[in-house]
Amino acid sequence: MAVVEQEPVLLRAYQFTPEPDSASWSAVLHICVMTVDHKKIGIMYVIMALVFLVIGGIEALLIRFQLLFPRNNLIGPETFNGLFTMHGTTMVFFVGMPILIGIGNYLVPLMIGARDMAFPRLNAFGFWATLFGGLLLYFCFVTGGAPTMGWFAYAPLTEHTFARSAATDFWALGLAVSGFGTLTAGINFIATILAMRAPGMTLRKIPFFVWTMLWTAVLILFAIPPLTVALTMILLDRNLGTHFFDVQNGGSAFLWQHLFWFFGHPEVYILILPVFGMVSEVIPVFSRKVLFGYEFMAAATAAIAFISLGVWAHHMYAVGMSRVVDLYFAAASLVVSIPTGIKLFNWLATMYGGRIILASPMLFAVGFLSMFLIGGLTGIMLAVVPFDLQLTDSYFVVGHFHWVLIGGTLFGTFAGIHYWYPKVTGRMLSERLASWQFWLLYVGFILTFGPMHVAGFLGMPRRIYTYDAGLGWDFWNQVTTIGAIIQVPSYAILVFNLITSLWKGQPAGDNPWHAWTLEWATTSPPPAYNFETIPTVHSRRPLWDLSHPDDPDWKYE
Amino acid sequence: MNNARLETIPANLIRSLPLPPPVALERGLSPAQWGMISFLVSEVALFSTLIVVYLTFRGSDLSGPTPAILSRTLVFCTTFCLIASSVTIHFAVKSLSCGERSAFLRWWTASILLGLVFLAGTAYEWRELIVIHDLTIGRNLFGSTYYTLVGFHALHVTAGVVLMLTVLGLTLNRLVSFSNRAGVALVSWYWHFVDCVWLVVFAVVYLA
Ligand SMILES: [Cu+2]
C-alpha cells in the first residue's frame, strides 16, 4: 500500500496542445511582446543573441579582411577602430550574456520543477532592457559612426575632448540599460533557485547547470553595479562636466581601469560558469555515468566565483602598480586554475570507463574540453607578471581570450543547444549537419586563433589597423583570415539546421537522450505550465529513480 | 517511456522495492524575500563603488571648495530624521502584522514625512552649496564626487518615498491589509537599507 503512496509523482504533463495557429506576423509579435512565460522569453533571448552573433561576426570578418594584406586599404583606421569596438561590445554584452541567460531562463524552472521564474514580469522586463540596450548601442551609427575606444573604453578616450560625437554616449547608455536588464535576470535566478525548487530537491540535489546559474547570478549582483556606476561617471563627465576621468583636471584614468576590470574579470566567469553547467549536464548523459565528484564540482564553482572577484588587476600589470600588488594579483589569478583544474579532471573522470555516445552534444562538449584546456593554459601564462609585461596588448592576448570565449563559451553553448533543442522544439537536429558544423568550426577556429598567438609572439600589437610587409606577420594574418572564412559556413549550417529541423527533424519524444533531470520528465515542447503535478524529488537523477525503482540513486547519495 | 521498467517488474516484486525517505518540507525565505535580498546585495556593490570613488579623489583638489564647507548642523538634523523614519517604519510594519490599520497608517505617514524632510534638507543643503559656496558638480573633483555619491543616495530615498506613497495610496483605498504584510515588510527592508547606507555616507563625507 505504502508503495503507491510514496511513489514519486512524476506524472506526465498533459499532451502539449499548440496555441491557436498564429500565422500572421502581428499575432506572433503580439505574443512576443506580451509574454511573461520563461520559455518564450528564453527563446527570445537566444534568437536575439544569434542575430547579434551574425552582426558581430560580420564586423569581425571586415576586421580580418582589412588585415589580410600589409598596407591594405580596405577600410580606414577610423572605421577599423569603430569595428573592433562594436565587435567586442556586441559579442560580450549582446551575444555571450543573453544567450546564456536565455538558456538559463528556459531551463532553470524546468530543471527544478517550477512553473515559471520567480518574477515573470521582471523577467520580461530584463529581456526587453537587454534588447533595447543593444538597439541603443547600434543607434550610434545614426549619429555618425561607431565609438572608437575599444570595448574596455580606457579613459580618457571616452572624454569629450577625444570623442566628440554622441557615439560614446550611446555606447555607455546601451551598456547601462542592458546591464540593468542583466541585473534583474540575476535577481530572478537567485529567487527562483533558492525558493522555488520542487519538494525534496534540496540545494545538494539540484542539477549542476542550476548550481552554476546560481553562482553566475551571484557574480552578476557584484559585477554589474560597479560597471553601472562607472558608465554613469562617463555620462556625467561627458554631459555635465564632471572630472572623474578627465585627466587634465585631476581625474584618473587608472580609476576607470580598476572599475572596468572589477566588472570585467567576473564577467568572463559570467560567460563561462553556465557553460560549465551545460557541459556537466551533457557529459554524464552521453557517458551513461553520474557526474564524477558532484560535491567537488559544486565547491569548485563557488570557489571560482569567489576568487574571480579578487583578481581583476591582472589586466593592469602594464600600468605599473607596485610589485606587491602585482604579486598578489598574479598569485590570486593562478589560484583560479586549481578549481578549474578540478572541473576538467572531474569531467574526464566522468567520461573514463563510461559508455561514450558521440552524438552532437557530446561532440561539442569534447571540443569544449580540448579547447578550454588550451585557453586556460594560455591564461595561466598571462597571469604571470613578466610574461604578461612582454605580451600585453599583443595578438597573443587576443588569441587567448578568443580561445576561451569561442573554444570555451561557444563550444559549450553549442553543446547545450544541440542537447536541449529536442526539448524546446520536439524535434531532433540533423546529426549530419551538426557534425559538419562542428568540424568546420573546429578547424576554422584553430586556424583563426592559433596563428594569433604566433603573431603576438612576433610582436604584433592588437588593434593596429594595418602593418608593414616584412615583419613576419603577413603569413599568420592570412592564415587567420582564412580560418575566419572557414568558420562562416559553420554558422550558416547551424542556422539552417535550427530552422529546417523545426519541421524536418525526427520527432524527439519526451526524453530522446535518456537523460535524468526533471526537464525531460515533461513533454517536448513543455506545456505552458511545465508540470501538471509538481514532482517530488529524492535524488539528483529523479528520472533514473523512476525508471530503476529497484536501484534508485537516493540510496547512494 | 520512463515507466517501461516499472511495468516489467512482477507485482510481487514491487512490494519489495525500496521506499524513498519521506521528503521534509523546506522552510525558507519566500521568492520575494530572496529577490529583495539579492537586489540589496547589488545595491551594496553599487554604493561601495561610489564610496570608493569618493575616497579615491578625497583631498586631491588643487582649487575650489573642499569638504570643509559642509554644514554639519543641518546634516545631523536630517540624519536624525532618517534614523527616526527607520524606527517609525518598523512600528508601522509591526502594527500591520497585528492588524491595526489606523496605527499602521499613522506610523507609515510619519515615515514618509520624515523621508520628505530628509529630502528637503538635502535640497536646502545643495542650494546653499551652489549659491553661497559656488560648488557645482563640474567645479572640481569634490563637487563631482560629492554630488554623485549624495545624489545617488538621494535618488534611492526618493524611490523609497515614492514606494511608500504608493503603499499609502493603496492602503487608503483599502487595498493593503494584514494579508499584504509580507510585501509591506519588503518595502521596509529597502528603507532600512537606504538608511544604513546613509549612515556610511554620513561617516565618510561629513565626519571624516
Ligand atoms: Cu581577467
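Protein chains get the first letters and strands the later ones, always in sequence-line order, with residue 1 at the start of each.
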Only pairs of heavy atoms separated by less than 4.5 Å count here; which of [options] has the most with chain B?
| options | result |
| --- | --- |
| A:Asp246, A:Asp237, A:Thr242 | A:Thr242 |
| A:Gly200, A:Gly241, A:Pro226, A:Ala223 | A:Pro226 |
| A:Leu183, A:Thr228, A:Val218, A:Asn249 | A:Leu183 |

Over 12 foreign heavy atoms within 6.0 Å of [atom1], [X]:
| X | atom1 | value |
| --- | --- | --- |
| B:Phe91 | CZ | no |
| A:Arg288 | CZ | yes |
| B:Tyr206 | OH | yes |

Structural part of [X] lying under 4.5 Å from a heavy atom of chain B:
| X | result |
| --- | --- |
| A:Ile187 | both |
| A:Thr202 | both |
| A:Met201 | backbone |
| A:Pro199 | both |
| A:Phe262 | neither |
| A:Val537 | backbone |

Item to check | A:Trp554 to B:Pro21 - nearest heavy-atom pair and separation | outcome: CE3-CD, 3.6 Å
Checklist outcome for this item: Nearest heavy-atom contact between A:Ala118 and B:Pro31 is CB-CB, 3.9 Å
Within [range], residues adjacent to chain A where the heavy-atom gap is under 4.5 Å:
| range | answer |
| --- | --- |
| residues 118-150 of chain B | B:Ile137, B:Gly138, B:Arg139, B:Asn140, B:Leu141, B:Ser144, B:Thr145, B:Thr148 |
| residues 65-82 of chain B | none |
| residues 38-64 of chain B | B:Ser38, B:Phe39, B:Val41, B:Ser42, B:Ala45, B:Leu46, B:Thr49, B:Leu50, B:Val53, B:Thr56, B:Phe57 |

Checklist entry - Is any residue of residues 252-259 of chain A within less than 4.5 Å of chain B by heavy atoms, and which ones? => result A:Ser252, A:Leu255, A:Leu259
